[in-house]
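Since this is a predicted model, take the numbers as computed values, not measurements.
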Amino acid sequence: MSNLPSLPEKSSPVTAKPLFENCWSCRILSGGGLLASGGYVFMQARKVMHVGGPTSMGTVAQIVFAAGLAAWGVVVITDPVGKSSRKE
């Protein structure tokens, strides 16, 4: 048997911090940017359809991607992580 020194135990467990913690202005800025980019992508897809071009799978994918960006922006602004508690 070898006499290797044992590793010291950690005194506190590592906890994950929220990405933006309590920085309201950071959440508004980044969430607003995501909402604006979702709006831009949606308007570019609508421009193709407004001109009279056929609705292709690429246009549908652009609209779905725009909806995803907008939803992500709303999630960043509202910051739902940790706001709900589990009742036992």
Side-chain angles (χ1 to χ4, degrees):
M1 301 281 174
S2 63
N3 294 330
L4 294 175
S6 62
L7 296 172
E9 294 183 21
K10 293 183 179 180
S11 60
S12 64
V14 177
T15 57
K17 291 183 180 179
L19 185 60
F20 297 108
E21 292 184 12
N22 293 326
C23 183
W24 180 246
S25 62
C26 298
R27 290 197 329 242
I28 291 294
L29 183 66
S30 59
L34 284 166
L35 281 171
S37 63
Y40 176 78
V41 171
F42 179 75
M43 292 308 295
Q44 294 302 312
R46 288 282 298 163
K47 188 188 299 183
V48 171
M49 292 189 320
H50 182 70
V51 171
T55 305
S56 66
M57 287 302 292
T59 305
V60 173
Q62 263 186 307
I63 292 173
V64 169
F65 183 70
L69 283 174
W72 189 15
V74 170
V75 167
V76 167
I77 290 172
T78 58
D79 191 28
V81 176
K83 288 188 178 176
S84 63
S85 61
R86 190 172 181 191
K87 303 201 184 221
E88 293 182 24

Do Leu35 and Ile77 have side chains that approach each other closer than 4.5 Å (heavy atoms only, starting at C-beta)?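 A side-chain contact under 4.5 Å exists here.
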So, for Gly31 and Val76, which heavy atoms are closest and what is the spacing to 0.1 Å?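 Smallest interatomic distance, heavy atoms only, reads N-CG1, 3.9 Å.
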Give me the atom names and distance for the closest heavy-atom approach of Ala66 to Gly38.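 Smallest heavy-atom distance, with atoms named: CB-O, 3.3 Å.
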Mind checking who shares a hydrophobic cluster with Val48, ILVMFWY linked at side-chain heavy-atom distances under 4.5 Å?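 Its cluster mates, by chain and number: none.
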Other members of the hydrophobic cluster containing Met49, with the 4.5 Å side-chain heavy-atom rule, please.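 Direct or chained contacts put Met49 with Phe42, Met43, Ile63.
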With Leu34, which of Leu69, Val75, Val74 fulfils side chain to side chain contact (heavy atoms under 4.5 Å, CB included)?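 It is Leu69; the other options fail the test.
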Say whether, by atom type as modelled, one donor and one acceptor occur between the side chain of Thr59 and the main chain of Thr55 under 3.5 angstrom.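 No; judged by distance alone, with no hydrogens or angles, the pair does not exist.
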Between CZ on residue Arg27 and OG1 on residue Thr78, distance to nearest 0.5 Å: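 Answer rounded to 0.5 Å: 8.0 Å.
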